[in-house]
Student: 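Before we start, here is the structure in question, set down as structure tokens.
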Amino acid sequence: MKLQFGKIFVFAVLWTLLLALLRTCNNNPWGNGAAAENTHYTTFAQKIRNLDPVSANFIHEAAVIDNIVETPLAYHYLKRPYQLVPQMLTELPTVIYYDAAGNALPGDPDATQVARAEYTMRLRPGILYQDHPCFREDSVPLVKHPRTPADFGPVAHREVTAEDFLVSMNRLCDSRVGCAVYSQLCGFLVGLSECRQAVEAEVRRLDEERRQAGESAVQLAEAPSLPDYRKIPCGAVQVVDRYTVKYVLSRKYPQFLYWLAMHYFTPAPYEAMVFYQRPEVRAAGLSLVTWPVANGPYQLTKCDLDFQIVLERNPNYHEVFYPAEGNPEDEGTEILSDAGKRLPFIDKVVFNWEPESIPSWMKFQQGYYDNSGLPPDMFDKALSMNPDGGDLSLSEDMAARGMKMATTVPPYSYYYAFNMRDPVVGGMGERQRLLRQALSIALDTRKFITIFRNGNGIPAEGIIPPGIFGMAEPPATMNTVINRWNGEMSVRKDISEAKKLLAQAGYPNGIDQVTGDPLVIQLDHAAAGRPDFKNHFRWLADRFQELGVRLEERGTDLNRSRQRVAEGDFQLLFERGWVGDYPDPENFLMLFYSENGHVEHHGPNYANYVSPEFDAVFKKLETMDNTPERRELIEQANRILYEDAPVIWDIHPINMILTHGWLHNYRYMSIAFDNLKYLRLDPQERSRCQREWNRPCHWPIWMLMALFTLAAFWPRKQR
């Protein structure tokens, strides 16, 4: 009897423990209760290595940085085409043009008359930096082994002033920081090269003082000397008073306003640089590269670049409000329901490292991520074709679950670059031009988009993407060299047209009439490791083979590939792309300006295209406002590129982001990425959906436990 009671007690304990375990057991990666918090969960799939606004240069890093720092200007969140609005300023900057004699020029003068341009911007008073130990000289480590700035204290803050923009620009000129756009800025900002020389001279002076004080070369390397950027004069930036900054340009350049919306032009507190020079701070591994100090809507509170980045609401953020108007089609829609409300809405943003798209997608499906990209393997399950117009839309299942899809054609252009220095495909002779045109017709990118991208992309007519002033919109401005109008859309000319051009170029059926040898084109790339490259290359080779031309791949590693491109040692460069820095046609057409040639000038003209005719047109339109006259010049520049065919125009991608119904106000950003402050969550709805979509299946466990219990108490025959 005692044995029976003991068995009952043991199984009662086991059932109680099992019940408690199953009540707490679930697949939630964030823990119980996380869904009900005002926290946005999202991902980053590419490695982040730099959060320093002066030197970070990648889109996936900007997705974090642009929500920590703040720029003088911003893009209107809702309006398209993109429109600049004041952010830290009381109004858009004013500009005054001067001639060579220093006389102010009225109105909108011709660029040839302008010797100097001065942009004056006036800061809004009362803009504060985040609370940080750098603003207290008496801050000390609060723990034995500090790992974040929060481990130092006490903390304080201060107001952003005009001097902080001088500090930021002087630091940008410091070659040790490694600003990727320094050379571009030298093209229009006054005195940047002199500023760099002054910074270098000050660093040498400080290094010499430290050597004379007995410091070793190792100590100098471990703690690089910090010049006082506040005291180094810079011709490009003039501090007029506490709230007024003047930028000085060496020429007329209306696109400068776009630069004021980039994180390179954020203010920087000198105190932060001093703080990160302190021995105990350096010993903790802290620096501006991973812990920026700024005045944006969010501040960094966790920075594990291999796992998770966490942003939290900056309590010092100044008054910024959700826009009260958008595009005409936005009127009366949910996107304007928060008009006039103070930003930001969300308390915390968690970026999780998700290198694999499928696990990330599955967590989105379960409701654990609020938004997600769309893996190619999931297109058929997530999307359906609209029978009315053929547009892609969400599948019925996903739409029924409240999911939404945001699509945009970002300012990206992809192309295959011919080497215009190559004796076969390069040069401006008629033979080479006809050959390039024939090969361009053979690569029907519309077919490529259908086969490899599930219809997700737009065939490129030229370099300017949709949404940018001057974009080639068929049929009026169609690329008639390689395309024709079928009554509804622009399509590639028939392969027979390409064969005619190839024969006119002296290669009938792909045979060189001069040498009698088959024509072989080398495709240079560093993409052998890409899982889709083999099929991509086979498709390219098959298209060329229709002309009788053999395409051979010449693959190398990335470093060797870059060297070959820099030396002009290639023939056809695989899938080169350009991401627009700002929404202006100049930023795309400059890819073919001769002074941007990659071999001669280390610029982004990877085709090494040189055309005096194109250069003349480009210089005229470069500094113009968007007028009908400028549009005519853009069309003229495009026609020159169509005829010369220095590249094979590929695609403008369509980006798709899926969001859950509880994430509101999402509008895809493709120039700046400061969108987090506009987003709003409904945590209660998220909690409800997570419970509904992730109900645990407990019955097999209960069944096994019941059988086990029954077996334990089943009466046994006595022998």
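Side chains are part of it too, since the values below use all heavy atoms of this structure and drop only hydrogens, waters and symmetry mates. By convention here, the first residue in the shown sequence is residue 1.
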Student: Should the pair Arg554 and Phe574 be classed as cation-pi, given the thresholds of under 6.0 Å to the six-membered ring centre and 45° from the axis?
Tutor: no
Student: Are the aromatic rings of Phe44 and Trp353 close, with centres under 6.0 Å apart?
Tutor: yes
Student: What heavy-atom pair brings Asn479 and Glu461 nearest, and what distance separates the two atoms?
Tutor: N-OE1, 2.8 Å
Student: Is it the case that atom NZ in Lys447 sees more than 12 heavy atoms from other parts of the structure closer than 6.0 Å?
Tutor: no
Student: List the atom of Leu288, the atom of Val293, and the distance in Å for their closest heavy-atom pair.
Tutor: CD2-N, 4.2 Å
Student: Evaluate the ring planes of Phe58 and His60, with Trp represented by its six-membered ring, and classify them as parallel (under 30°), tilted (30 to 60°) or perpendicular (over 60°).
Tutor: tilted
Student: Measuring from atom CG of Asp615 to atom OH of Tyr593, what distance do you get when rounded to the nearest 0.5 angstrom?
Tutor: 5.5 Å
Student: Considering all heavy atoms of both residues, which atom of Cys186 and which atom of Ser193 are nearest to each other, and what is their separation?
Tutor: SG-N, 4.3 Å
Student: Take Tyr264 and Asn57 through the test side-chain hydrogen bond (donor to acceptor under 3.5 Å, both in side chains) and record every step on the way to the result.
Tutor: CA-CA 9 Å; Tyr264 306 109; Asn57 202 42; 2.4 Å; yes
Student: Considering only NZ, NE, NH1 and NH2 on the basic side and carboxylate oxygens on the acidic side, decide whether Asp304 and Arg147 come within less than 4.0 Å.
Tutor: no
Student: Are there more than 12 heavy atoms of other residues, nucleotides or ligands under 6.0 Å from atom NZ of Lys619?
Tutor: yes
Student: Check this for me, if you would: do Arg639 and Asp644 make a salt bridge, where the nitrogen-to-carboxylate-oxygen distance has to be below 4.0 angstrom?
Tutor: no
Student: Are Lys363 and Asp370 close enough, and set up right, to give a salt bridge (Lys or Arg N to Asp or Glu O under 4.0 Å), and what steps lead you there?
Tutor: CA-CA 9 Å; Lys363 290 176 186 174; Asp370 301 318; over 6 Å; no
Student: Let me confirm one number: the CD1-OH distance from Ile671 to Tyr258, rounded to the nearest 0.5 Å.
Tutor: 9.0 Å
Student: Walk me through it: do Asp650 and Thr445 pass the test side-chain hydrogen bond (donor to acceptor under 3.5 Å, both in side chains)?
Tutor: CA-CA 6 Å; Asp650 191 15; Thr445 54; 5.0 Å; no
Student: Just verifying a value: how many Å separate Tyr82 OH and Met669 CE, rounded to the nearest 0.5 Å?
Tutor: 5.5 Å
Student: For the residue pair Phe614 and Phe618, does the interplanar ring angle fall in the parallel (under 30°), tilted (30 to 60°) or perpendicular (over 60°) class?
Tutor: parallel
Student: So how far is it from Leu443 CG to Ile648 CD1, rounded to the nearest 0.5 Å?
Tutor: 4.5 Å
Student: I need the minimum non-hydrogen distance between Gly597 and Asn608, along with the two atoms involved.
Tutor: C-OD1, 4.0 Å
Student: Does a salt bridge link Arg530 with Asp532, judged by any charged N lying under 4.0 Å from a carboxylate O?
Tutor: yes
Student: Does the ring centre of Phe256 sit less than 6.0 Å away from the ring centre of Trp259?
Tutor: no
Student: So among Arg446, Lys493, Arg492, which one has a side chain to side chain donor-acceptor pair (under 3.5 Å) with Asn483?
Tutor: Arg492
Student: Rounded to the nearest 0.5 Å, what separation is found between the CG atom of Leu551 and the CG atom of Leu519?
Tutor: 10.0 Å
Student: Can you tell whether the side chains of Glu600 and Arg421 come within less than 4.0 Å, N to carboxylate O?
Tutor: yes
Student: Specify the closest pair of heavy atoms between Leu501 and Ala438, including all atoms of both residues, with the distance to one decimal.
Tutor: CB-CB, 3.9 Å
Student: Once the angle between the rings of His525 and Phe533 is folded into 0 to 90°, is it parallel (under 30°), tilted (30 to 60°) or perpendicular (over 60°)?
Tutor: tilted
Student: If you compare all heavy atoms of Asn50 against all heavy atoms of Glu61, which two are closest, and at what distance to 0.1 Å?
Tutor: N-OE2, 3.2 Å
